[in-house]
Number of protein chains: 2
Amino acid sequence: MIAGALPAQTARMTNRHRSPPRDPFPHFVETVLPAPSAPALAPPLRAIAQTVALEGGQTFRIERGADRFVFIASGAAKLVALASARREQVVAFHFAGDLLWIASPPAHDYLLAALAGTTLVTFPATAFISIVESDAAVMKALFERMQQALLRSREKSVSLGRKTAQERIAGFLATMADRIGTGDALGPQVDLPMSRRDIADSLGLTIETVSRQFSELRAAQLIETHGRSHVRVCNLAGLADRAGHARAPL
Amino acid sequence: MIAGALPAQTARMTNRHRSPPRDPFPHFVETVLPAPSAPALAPPLRAIAQTVALEGGQTFRIERGADRFVFIASGAAKLVALASARREQVVAFHFAGDLLWIASPPAHDYLLAALAGTTLVTFPATAFISIVESDAAVMKALFERMQQALLRSREKSVSLGRKTAQERIAGFLATMADRIGTGDALGPQVDLPMSRRDIADSLGLTIETVSRQFSELRAAQLIETHGRSHVRVCNLAGLADRAGHARAPL
DNA sequence: CGACTGGTTGAGTATGGTCAACTTCGGTGG
DNA sequence: CCACCGAAGTTGACCATACTCAACCAGTCG
């Protein structure tokens with residue numbers, strides 16, 4: 001279930017301050033389950049839950065045909081589809097508080113890889129559903145998370161199918177500022193937990209192209225970067241503009 | 001709600017044999033609702049349902065913030081995201097029996113366009129959910145359709161992000177053979193209801209590239225084409241092979 | 001049968017990929 | 001605290017895949 005580090009990954013430990021192994025299950029309960037449903041459902045769910053602690057670079061694989069729900073209690077992860085030996089597609093990034101569904105369809109294998117120290121609570125999908133299916137509020141909450149995932153995936157299709165490299169990068173940064181940015185919306189800061197390779201594999205580009213586009217956006221005064229991962233968005237409107245988020249004029 | 005034909009579309013009527021305007025709602029009920037749930041839910045759902053008949057080329061738009069469920073009673077449709085004036089991304093194709101969810105997120109507008117004469121039954125999403133949310137079986141069925149849509153969308157991301165033009169076309173044809181093919185699996189035939197432009201807009205390519213790849217696959221004896229839309233898959237295994245559906249070796 | 005749309009084929013181009021050198025970051029150890 | 005080292009990131013030169021522009025062909029409908 002928990003596979004080793006990815007091939008080209010020398011499991012460099014980034015956990016100097018290893019966090020105490022607090023049980024993440026209560027966090028799952030209060031984040032995902034509506035309060036009235038929690039008392040009845042938490043025990044049976046706990047019975048089928050598996051808690052997994054991953055260090056950055058480690059991966060969580062699912063067996064074929066055994067799809068799972070995964071709650072990210074802390075940390076950050078990428079959901080990766082293996083297209084072939086040297087081709088990976090990052091299908092989605094997920095952060096603390098997210099609940100995602102993973103399956104491996106016939107065409108490709110999928111796995112979840114931690115971008116840093118990450119704690120997961122995972123459930124076999126069918127067992128999970130049979131426990132919560134009778135609870136309308138929980139099913140509705142689940143459903144809404146699914147809708148959000150589908151919407152994000154559709155937007156990613158637009159990006160991958162019809163946008164230039166620069167539009168993809170600009171859109172990516174704007175999205176990340178929205179999802180994990182700190183500070184006000186006018187000058188958000190982001191600490192990107194993913195590498196340039198992860199970004200490239202997410203946007204259907206190469207690391208070189210990602211790097212070049214970062215440089216261009218920097219030159220255009222839209223962003224500032226400090227170190228490998230810190231990005232300051234100087235001009236969010238300008239960034240959104242370059243993302244090609246044109247709405248069709250009616 | 002029902003907009004006119006798309007810009008470059010001279011609403012050429014393809015309905016010589018106009019089908020009788022049979023009420024498609026019962027078809028929705030028996031296809032989507034589990035039998036035990038139908039009697040209780042059908043009446044309130046009918047009250048909020050809107051039936052729409054579209055000719056090929058006509059589109060169904062949703063207002064912003066008013067997401068809908070759409071059941072395709074007959075025909076075929078493409079779900080399109082408008083990236084900008086001359087850039088459209090086909091996010092998904094849907095056929096008779098499919099139930100889909102459409103929303104227009106902040107970044108882009110979405111619309112559903114009929115590929116031929118098509119009958120829809122549509123519902124405002126929130127009203128739909130409040131009617132069915134208490135019925136576990138229906139919610140589960142809905143949920144599974146959502147999972148399927150998400151899975152397909154993820155697979156599309158892989159295709160758009162990490163596959164060559166030929167791999168995309170081969171994968172597309174294999175998928176279509178599976179979804180709307182007739183005849184045995186060894187020599188399936190497909191009548192593609194979508195134009196080369198639709199295919200191009202779905203795969204993130206141009207019509208010329210689509211055409212060239214069709215020609216190459218034809219030259220490689222993997223497919224035969226008759227007329228604009230009829231495709232005969234001579235070698236499904238070979239096609240799947242060229243689709244780059246490599247599973248990671250364990 | 002003729003016109004028109006959609007599809008195919010060809011020639012040249014551009015965006016992003018590849019290959020390679022170099023720089024910076026950041027973590028470790030002297 | 002600074003020097004060192006490996007990995008990650010950046011930049012440049014060149015190349016390839018798919019796009020653009022354009023002409024031509026074929027299927028379909030009137």
Side-chain angles (χ1 to χ4, degrees), chain A residues 5-17 55-57 83 86-88 115-116 159-169 191-201 203-219 223-231 244, chain B residues 5-17 55-57 86-87 115-116 159-169 191-201 203-219 223-231 244:
Chain A
L6 287 170
Q9 194 92 324
T10 35
R12 180 181 286 272
M13 314 284 151
T14 352
N15 47 337
R16 273 166 305 179
H17 35 71
E55 287 162 5
R86 271 287 136 206
R87 292 191 296 179
E88 298 189 352
L115 299 173
S159 181
L160 294 174
R162 285 285 173 250
K163 304 250 166 155
T164 66
Q166 182 152 114
E167 288 172 328
R168 295 183 206 187
I169 297 288
D191 243 306
L192 297 174
M194 69 289 284
S195 68
R196 297 291 189 268
R197 167 154 301 285
D198 294 330
I199 298 172
D201 286 346
L203 301 179
L205 302 169
T206 59
I207 47 174
E208 293 93 332
T209 300
V210 171
S211 192
R212 278 186 255 268
Q213 295 307 331
F214 265 81
S215 298
E216 278 208 31
L217 293 177
R218 211 181 296 124
I223 61 170
E224 287 168 15
T225 60
H226 301 99
R228 298 198 193 297
S229 63
H230 194 93
V231 178
Chain B
L6 286 171
Q9 195 92 322
T10 35
R12 180 179 286 271
M13 313 286 151
T14 352
N15 46 338
R16 269 166 306 180
H17 35 71
E55 287 163 5
R86 272 284 136 207
R87 291 190 297 179
L115 299 174
S159 181
L160 294 173
R162 285 284 173 251
K163 304 250 168 156
T164 65
Q166 182 152 118
E167 287 172 329
R168 296 183 206 187
I169 297 288
D191 244 306
L192 296 175
M194 68 290 283
S195 69
R196 296 291 188 268
R197 167 154 301 285
D198 294 330
I199 298 173
D201 286 345
L203 300 179
L205 302 169
T206 59
I207 49 174
E208 294 94 333
T209 301
V210 171
S211 192
R212 277 186 254 271
Q213 295 307 330
F214 265 81
S215 299
E216 278 209 31
L217 293 177
R218 210 181 297 124
I223 60 170
E224 287 168 16
T225 60
H226 301 98
R228 297 200 191 297
S229 62
H230 194 92
V231 178

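Every chain is numbered from 1, with letters handed out A, B, ... down the list of sequences.
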For atom [atom1] of [X] and atom [atom2] of [N], their distance in whole Å:
X: B/D191; N: D/dT28; atom1: CG; atom2: P; answer: 10 Å
X: A/F214; N: D/dT11; atom1: CZ; atom2: P; answer: 12 Å
X: B/L192; N: D/dG27; atom1: CG; atom2: P; answer: 16 Å
X: A/I199; N: D/dT10; atom1: CD1; atom2: C1'; answer: 14 Å
X: A/D201; N: D/dA8; atom1: CG; atom2: C1'; answer: 14 Å
X: A/R228; N: D/dA8; atom1: CZ; atom2: C1'; answer: 4 Å
X: A/R218; N: D/dG9; atom1: CZ; atom2: P; answer: 12 Å
X: A/I207; N: C/dC22; atom1: CD1; atom2: P; answer: 18 Å

Atom pair CD1/CD of A/I199 and A/Q213 - distance to nearest 0.5 Å | 12.5 Å
Identified side-chain contact (heavy atoms from CB on, under 4.5 Å) counterpart of B/R168 within the set B/V210, B/L205, B/T209 = B/L205
Candidate pair B/L217 and B/Q166, rule side-chain contact (heavy atoms from CB on, under 4.5 Å), full reasoning = CA-CA 8 Å; B/L217 293 177; B/Q166 182 152 118; 4.2 Å; yes
Contact class for B/S211 vs. all strands (heavy atom < 4.0 Å): base, sugar-phosphate, or nothing?
->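 It contacts base atoms.
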Looking for any heavy atom pair under 4.0 Å, which part of the strands does B/R196 touch: base, sugar-phosphate only, or nothing?
->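 Sugar-phosphate, backbone atoms only, no base.
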List for me each residue that meets side-chain contact (heavy atoms from CB on, under 4.5 Å) alongside A/E208, sequence neighbours excluded, and say none if there are none.
->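 side-chain contact (heavy atoms from CB on, under 4.5 Å) list for A/E208, sorted by chain: A/T206, A/R212.
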Kindly calculate the angle separating the two end axes of the helix from C/dC1-D/dG30 to C/dG30-D/dC1, each obtained from five base pairs, and round it to 10 degrees.
->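 Here the helix ends are tilted 40° relative to one another.
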A/R87 side-chain N/O to B/R162 backbone N/O, donor-acceptor pair under 3.5 Å |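 Yes, the answer is positive, given that a donor and an acceptor are paired below the 3.5 Å cut-off.
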With distance as the sole test, does A/D201 use its side chain to make a donor-acceptor pair with the main-chain N or O of A/D198 at under 3.5 Å?
->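 Pair absent, no side-chain N/O of A/D201 close to backbone of A/D198.
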Is there a donor in the side chain of B/S211 and an acceptor in the side chain of B/R196, or the other way round, less than 3.5 Å apart?
->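 No pair is found: no donor N or O on one side chain lies under 3.5 Å from an acceptor on the other.
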Nucleotide-resolved protein contact map, nucleotides 10-17 of chain C, B/S/- at heavy-atom distance under 4.0 Å | BB----SS
Closest heavy-atom contact between A/F214 and A/T225?
->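 Of all heavy-atom pairs spanning A/F214 and A/T225, the closest is CD2-CG2, 4.2 Å.
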Could you tell me which non-hydrogen atom of A/S229 sits nearest to which non-hydrogen atom of A/D191, and how far apart they are?
->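 Looking at all heavy atoms of both residues, the closest pair is OG-OD1, 3.1 Å.
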Let me know, please, whether B/G227 or A/H226 comes out on the 5' side of the other along DNA chain C by nearest nucleotide.
->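 It is B/G227 whose nearest nucleotide is closer to the 5' end.
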